[in-house]
Amino acid sequence: MDASRDTISDLLLDWYDRNARVLPWRAAPGTPAPEPYRVWLSEVMLQQTTVAAVKDYFARFTARWPQVTDLAAAADEEVMAAWAGLGYYARARNLLACARAVAARGGAFPDTEDELRALPGLGAYTAAAVAAIAFGRRAVVVDANVERVVSRLFALEEPLPGSRPAIRALADTITPDKRAGDFAQAMMDLGATVCTARAPRCLLCPLAGPCKARAQGEPERLPVKAAKKAKPTRQGRAFWIERDDHVWLVRRPDKGMLGGMRALPDDGWIARSDGSGEGPVAGPWESAGRVGHVFTHFALELSLQVHVGRLAGDPPGEGEWWPLDRIDEAGLPTLFAKAARLALAGAGAGAGAGAGAEAA
DNA sequence: AAAGCGTGGAA
DNA sequence: TTTCCAAGCTT
């Protein structure tokens with residue numbers, strides 16, 4: 001083959017045929033596509049989330065709910081608990097809504113980008129990715145990897161996110177009519193393993209020839225990104241109410257932080273910053289220590305207040321007594337899983353209740 | 001359309 | 001330790 005005639009997609013697809021990562025939700029290059037359900041599920045899990053973090057969740061979901069209709073029939077609480085720890089919990093609510101929408105139309109995903117885009121939780125990226133990977137449609141798939149690769153390939157100096165329209169237009173020009181799914185995955189593999197954010201491995205790159213950033217000598221400088229805001233720290237309190245080897249858990253509202261997830265009662269650290277709120281039942285409360293946790297937009301220092309064995313009835317409001325020996329199955333998001341660990345460690349530590357301890 | 005929304009791994 | 005950041009979506 002005359003190398004001078006190789007297009008960027010040819011170079012990349014040849015590289016992909018030899019270097020594709022082996023992933024549980026992926027078919028080997030050139031083999032039939034996986035079921036749309038598996039492609040969609042993996043794409044949603046992978047939104048802003050690393051491959052390493054997704055693998056176990058993908059295995060558990062597909063073992064427990066082998067078809068989209070199985071997932072559609074599951075109870076909300078079961079799915080939310082299964083998602084616990086993966087983050088961005090709106091994805092889990094949208095996942096269920098999408099599964100039920102697909103089940104309602106007979107259990108088959110639509111096979112066009114526009115129809116996919118209309119489903120809950122599928123934005124421009126995911127709709128294009130599913131259309132290309134599951135259905136072989138030509139679609140322009142742009143995620144953070146593609147943004148980085150294209151920014152370097154064409155040496156775009158305009159900072160993100162302003163450069164997105166230009167990136168999309170350029171990605172369109174290099175997307176092939178055939179093997180669009182492989183092309184999309186090849187771009188993402190390249191971004192994940194070669195054209196990395198820091199210290200790109202240009203010596204291994206199949207696109208080093210045409211890459212303008214490479215020619216200019218500082219590929220790691222691109223893409224330029226807008227400066228990030230400083231992250232404030234908030235204070236808050238969470239309340240561990242224990243009685244007869246059970247702890248009182250609540251369900252958080254669907255909207256907002258950790259929406260729809262089981263949780264410990266707290267003082268509303270989302271809205272307020274003084275962390276001095278009252279507990280849901282009358283005192284006395286004892287301190288079990290502090291839990292530090294970093295969210296996307298702020299860091300939280302949570303003081304854990306405990307109230308053990310002195311309560312006659314139920315605390316006010318909705319909630320449930322959850323058995324301590326099954327606390328791992330409650331599906332607590334990481335912040336509250338840390339708090340539970342602290343409370344249980346404090347109980348086992350005897351006098352002092354672990355006051356002042358810091359959970360990792 | 002800018003901001004809100006999790007988590008854990010790497011450097 | 002701190003910073004960055006990963007297959008984005010919604011409002």
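First the proteins, then the strands, lettered A, B, ... as listed; each starts at 1.
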Sugar-phosphate, base or nothing in reach of A/Ala129, heavy atoms under 4.0 Å: nothing
Nearest-nucleotide 5' precedence on DNA chain C, A/Lys225 against A/Leu119: A/Lys225
hbond_proxy A/Thr50 side chain to B/dG9 base (donor-acceptor, 3.5 Å cutoff): no
Any donor-acceptor pair under 3.5 Å from A/Arg262 side chain to A/Arg252 backbone: no
Touch class at under 4.0 angstrom, heavy-atom based, for A/Val146 against every strand present: nothing
Sub-6.0 Å ring centroid separation between A/Tyr57 and A/Trp83: no
Touch class at under 4.0 angstrom, heavy-atom based, for A/Ala199 against every strand present: nothing
Donor + acceptor pair across side chains of A/Trp248, A/Asp314 (<3.5 Å): no
Interatomic distance where CE belongs to A/Met45 and P belongs to C/dC9 [whole Å]: 16 Å
Pair A/Arg26-A/Gln185, side-chain donor/acceptor within less than 3.5 Å: yes
Between C1' of B/dA2 and NZ of A/Lys228, the distance in whole Å: 15 Å
Closest-nucleotide 5' rank along DNA chain B - winner of A/Arg198 and A/Pro333: A/Pro333
Sugar-phosphate only, base, or nothing, as touched by A/Leu258 at under 4.0 Å among non-hydrogen atoms: sugar-phosphate
Parallel, tilted or perpendicular: rings of A/Trp40 and A/Phe109 (30°, 60°): tilted
Nearest listed nucleotide, side chain of A/Met257, among B/dG4, B/dG6, C/dG8: B/dG6
Spacing between A/Gln48 atom CD and C/dT10 atom P, to the nearest angstrom: 13 Å
Sugar-phosphate only, base, or nothing, as touched by A/Arg26 at under 4.0 Å among non-hydrogen atoms: base
Touch class at under 4.0 angstrom, heavy-atom based, for A/Thr334 against every strand present: sugar-phosphate
Heavy-atom donor-acceptor pair, A/Thr49 side-chain to B/dG8 base, under 3.5 Å: no
Touch class at under 4.0 angstrom, heavy-atom based, for A/Leu23 against every strand present: base
Phosphate contact (B/dT7 OP1 or OP2) by A/Tyr89 side-chain N/O below 4.0 Å: yes
Separation of C/dC5 C1' from A/Arg148 CZ (nearest whole Å): 9 Å
Touch class at under 4.0 angstrom, heavy-atom based, for A/Thr126 against every strand present: sugar-phosphate
Sugar-phosphate only, base, or nothing, as touched by A/Ala144 at under 4.0 Å among non-hydrogen atoms: sugar-phosphate
Whether A/Phe298 and A/Phe295 hold their rings parallel, tilted or perpendicular, with breakpoints at 30° and 60°: tilted
For atom NZ of A/Lys229 and atom P of C/dC4, their distance in whole Å: 15 Å
Length of the CE-C1' vector between A/Met188 and C/dG8, whole Å: 12 Å
Rounded distance in Å between the P positions of B/dG6 and C/dT3: 22 Å
Phosphate-side-chain proximity, A/Gln47 and C/dG8, N/O vs OP1/OP2 below 4.0 Å: no
Distance flag, aromatic centroids of A/Trp285 and A/His307, threshold under 6.0 Å: yes
Residue whose nearest DNA chain C nucleotide is more 5′ - A/Lys231 or A/Gly123: A/Lys231
Sugar-phosphate only, base, or nothing, as touched by A/Trp25 at under 4.0 Å among non-hydrogen atoms: base
Atom pair distance, as rounded to whole Å: CD in A/Glu147 and P in C/dC5: 12 Å
N or O in side chain of A/Lys255 less than 4.0 angstrom from B/dC5 OP1/OP2: no
Sugar-phosphate, base or nothing in reach of A/Gly191, heavy atoms under 4.0 Å: nothing
Between C/dA6 (P) and A/Asp143 (CG): distance, integer Å: 9 Å
A/His293 side-chain N/O to B/dG6 phosphate OP1/OP2 under 4.0 Å: no
